[in-house]
Number of protein chains: 2
Amino acid sequence: MTVSHSKWKSMKEELEALLVILVLARFGAVNRYIRISTRKIANVLGFSQQSSSRIMRKIAERGYISRKVTPKGEEVKITEKGLSIILKYYEELGRVLKTVSPETIVIRGIVTTGLGEGRYYLMLNGYIKQFREKLGFKPYPGTLNLKLKNLEDVVKKARLLKTPGIIIEGFSNGIRTYGRVKAFKARINDLTDDVAVVLPERTSHGFDILEIIAPFNIRERLGLKDGDEVTVTVYLQ
Amino acid sequence: MTVSHSKWKSMKEELEALLVILVLARFGAVNRYIRISTRKIANVLGFSQQSSSRIMRKIAERGYISRKVTPKGEEVKITEKGLSIILKYYEELGRVLKTVSPETIVIRGIVTTGLGEGRYYLMLNGYIKQFREKLGFKPYPGTLNLKLKNLEDVVKKARLLKTPGIIIEGFSNGIRTYGRVKAFKARINDLTDDVAVVLPERTSHGFDILEIIAPFNIRERLGLKDGDEVTVTVYLQ
DNA sequence: ATTACTATAGCTCGAGTAG
DNA sequence: TCTACTCGAGCTATAGTAA
């Protein structure tokens, strides 16, 4: 549902219809016919009765409203098509607003020593190239493993599994295949913004482990040791 | 020029700005400057480079965007004011959508063969028990997949996602978890009343597929084959 | 009261073109 | 290339008025 492939004239006409529909909606023409005159609409929107008449005819012809004209006035109702353009723009605007104020999830975990698997995977070129492109950095070879001790935090991790995120595609090196990895940009202890949570699709970790990568050695940079508690703020978009 | 005329004019100009802002937002001009030419914008929106130039100047003058013009192109960023009109219309449209509570939505779609996933899920006891309780029937193992070919119908499906509906809770069988499913009672081709539209929260389908379940084999009962168009009347309450 | 047709004033758009 | 100016063709809005 994009605006981009429509043409300017039809888009402007659609918006003209949208303005009129918004006024009609305010008068209650959503699920029933309302009695209203072209002059009334003209006064509310600020144009002439003649223009109002012309616009109402055009909008009705395009199927946005349904109208019954009588010498006493007209009865108007917004059609499904009329409502659908409201929804169309509502969603388009919502999409833009989402990018403005990204939602975050805050997860708490305990620094743990992993099996060194992360170090192995992160050195594979098939992943490194994509991390560079999609996350904007070449990861330090080694993940920071956090153990999620509270059920609450495990549930939050589960939410990440359902969120689209940044997809790092799987690949094959001729010998074996490596699965997709989902990533989210993140922040640790509100100090550094350049890290990312990685969720491999095929993982050997339990549900209670969160893996984090960064362009540097996180333990060194933040002076972390096993058992320390850290707060990870995950950017969902 | 009368006062009232300028009201309509300013509203139209505001919406004109909104369209351009939406395009700029799609190019990422939300929190940073992007490099884009008037011709590019003109091509996307379907008008001339000259009009594009004129509109960009007007919008910048009105404070919706901030731009730096160079002989090589221009750098553009949506301003706070630009974002505020997005929010303004988002709220206005949302207000109208809230008042919309039709009892039914009619969606048209083309019968398509799915991946057989539906068949698998519907046979899980965790779901079957709830379908019986909440929809009043034990579903025939297999969903009818409809491809929504018109934008209008896709928009209607999107409306279902926002409507409460009948919630079929997710569950776990010890091995893996199965997500929540939203359902709506429905009617196909005005013939049968006993079907339901199902919207899994975690779905592998695109936005343009509608899944329908029933206590019987819908294809057999209604004599449907791939490519047939059907009308689904969805009961929202 | 209404809606809506006709004629015209005024505005918008884009081809040509400069910087 | 880029942005943006000029100006005429065409489109849009409204005054006057009919039904």
Side-chain angles (χ1 to χ4, degrees), chain A residues 3-4 6-21 23-24 27 29 33-78, chain B residues 1-21 23-24 27 29 33-79:
Chain A
V3 179
S4 62
S6 323
K7 284 305 165 189
W8 184 239
K9 197 181 164 184
S10 69
M11 285 164 74
K12 283 186 81 168
E13 280 175 352
E14 201 170 70
L15 289 184
E16 193 174 87
L18 191 65
L19 279 180
V20 177
I21 289 168
V23 170
L24 293 175
F27 281 103
Y33 281 93
I34 57 160
R35 192 166 265 293
I36 196 166
S37 71
T38 50
R39 168 137 284 128
K40 177 80 181 171
I41 295 165
N43 287 341
V44 172
L45 280 169
F47 48 44
S48 67
Q49 173 272 319
Q50 290 89 337
S51 289
S52 176
S53 167
R54 179 173 33 78
I55 290 168
M56 293 297 279
R57 268 175 285 150
K58 192 162 74 179
I59 293 173
E61 202 176 284
R62 290 173 170 265
Y64 296 123
I65 58 170
S66 155
R67 66 200 290 256
K68 298 168 183 170
V69 180
T70 70
K72 284 190 175 180
E74 55 186 320
E75 302 219 315
V76 192
K77 181 183 158 181
I78 298 168
Chain B
M1 188 196 294
T2 62
V3 174
S4 58
H5 177 203
S6 62
K7 180 179 169 183
W8 173 243
K9 202 179 153 185
S10 73
M11 284 168 85
K12 283 183 81 168
E13 280 175 351
E14 201 170 71
L15 287 184
E16 191 174 88
L18 191 65
L19 279 180
V20 177
I21 290 168
V23 170
L24 293 176
F27 282 104
Y33 279 94
I34 56 160
R35 191 166 265 295
I36 195 165
S37 71
T38 50
R39 184 163 299 279
K40 176 79 182 171
I41 296 165
N43 287 340
V44 173
L45 280 169
F47 48 44
S48 68
Q49 174 272 319
Q50 291 88 338
S51 290
S52 176
S53 167
R54 185 172 357 95
I55 289 168
M56 293 297 279
R57 268 175 285 150
K58 192 161 74 179
I59 292 173
E61 202 176 282
R62 289 172 172 264
Y64 296 124
I65 58 170
S66 155
R67 66 200 290 255
K68 298 168 182 170
V69 181
T70 70
K72 285 190 176 180
E74 55 186 322
E75 302 220 316
V76 191
K77 182 184 158 180
I78 299 168
T79 61

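Lettering of chains follows the sequences in order, A, B, ..., and the numbering in each one begins at 1.
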**Request:** Taking all non-hydrogen atoms of both residues into account, name the closest pair between A:Phe27 and A:Lys40 and its distance.
**Result:** CZ-CE, 3.6 Å

**Request:** Give a yes or no on this: more than 12 heavy atoms of other residues, nucleotides or ligands lie within 6.0 Å of atom CZ of B:Arg39.
**Result:** no

**Request:** Output yes when at least one side-chain N/O atom of B:Arg57 is less than 4.0 Å from OP1 or OP2 of D:dT3, else no.
**Result:** no

**Request:** Under 4.0 Å between any heavy atoms, over every strand shown, what does A:Ser53 touch: base, sugar-phosphate, or nothing? Just pick one.
**Result:** base

**Prompt:** Closer than 4.0 Å, any side-chain N/O of B:Arg67 to the OP1 or OP2 of D:dC2?
**Reply:** no

**Prompt:** Do B:Glu74 and B:Met56 come close enough that some side-chain heavy atom pair is under 4.5 Å?
**Reply:** yes

**Asked** D:dT17 C1' sits how many Å from A:Arg39 CZ, rounded?
**Response** 13 Å

**Request:** When you get a sec, tell me which of D:dA4, D:dC2, C:dA4 is the closest nucleotide to the side chain of A:Val69?
**Result:** C:dA4

**Asked** Once each nucleotide of nucleotides 12-19 of chain C is scored for protein heavy atoms under 4.0 Å, what B/S/- sequence comes out, 5' to 3'?
**Response** SBBBB---

**Request:** Taking the side chain as every heavy atom from C-beta outward, state whether A:Glu14 and A:Arg62 have any atom pair closer than 4.5 Å.
**Result:** no

**Prompt:** Looking only at atom types and distance, does a side-chain atom of A:Ser52 sit under 3.5 Å from a main-chain N or O of A:Thr38, one as donor and one as acceptor?
**Reply:** yes

**Request:** Specify the separation, in whole Å, of atom NZ of A:Lys68 and atom P of C:dT3.
**Result:** 16 Å

**Prompt:** Whole-Å distance between D:dC2 P and B:Lys72 NZ?
**Reply:** 12 Å

**Fill in**
From CG of A:Leu45 across to P of D:dT14 the rounded distance in Å is 11 Å

**Message:** Does any part of the side chain of B:Ile78, heavy atoms only, come nearer than 4.5 Å to the side chain of B:Tyr64, both counted from C-beta?
**Reply:** no

**Request:** Measure from CE on B:Met56 to P on D:dC5 and round the result to the nearest Å.
**Result:** 15 Å

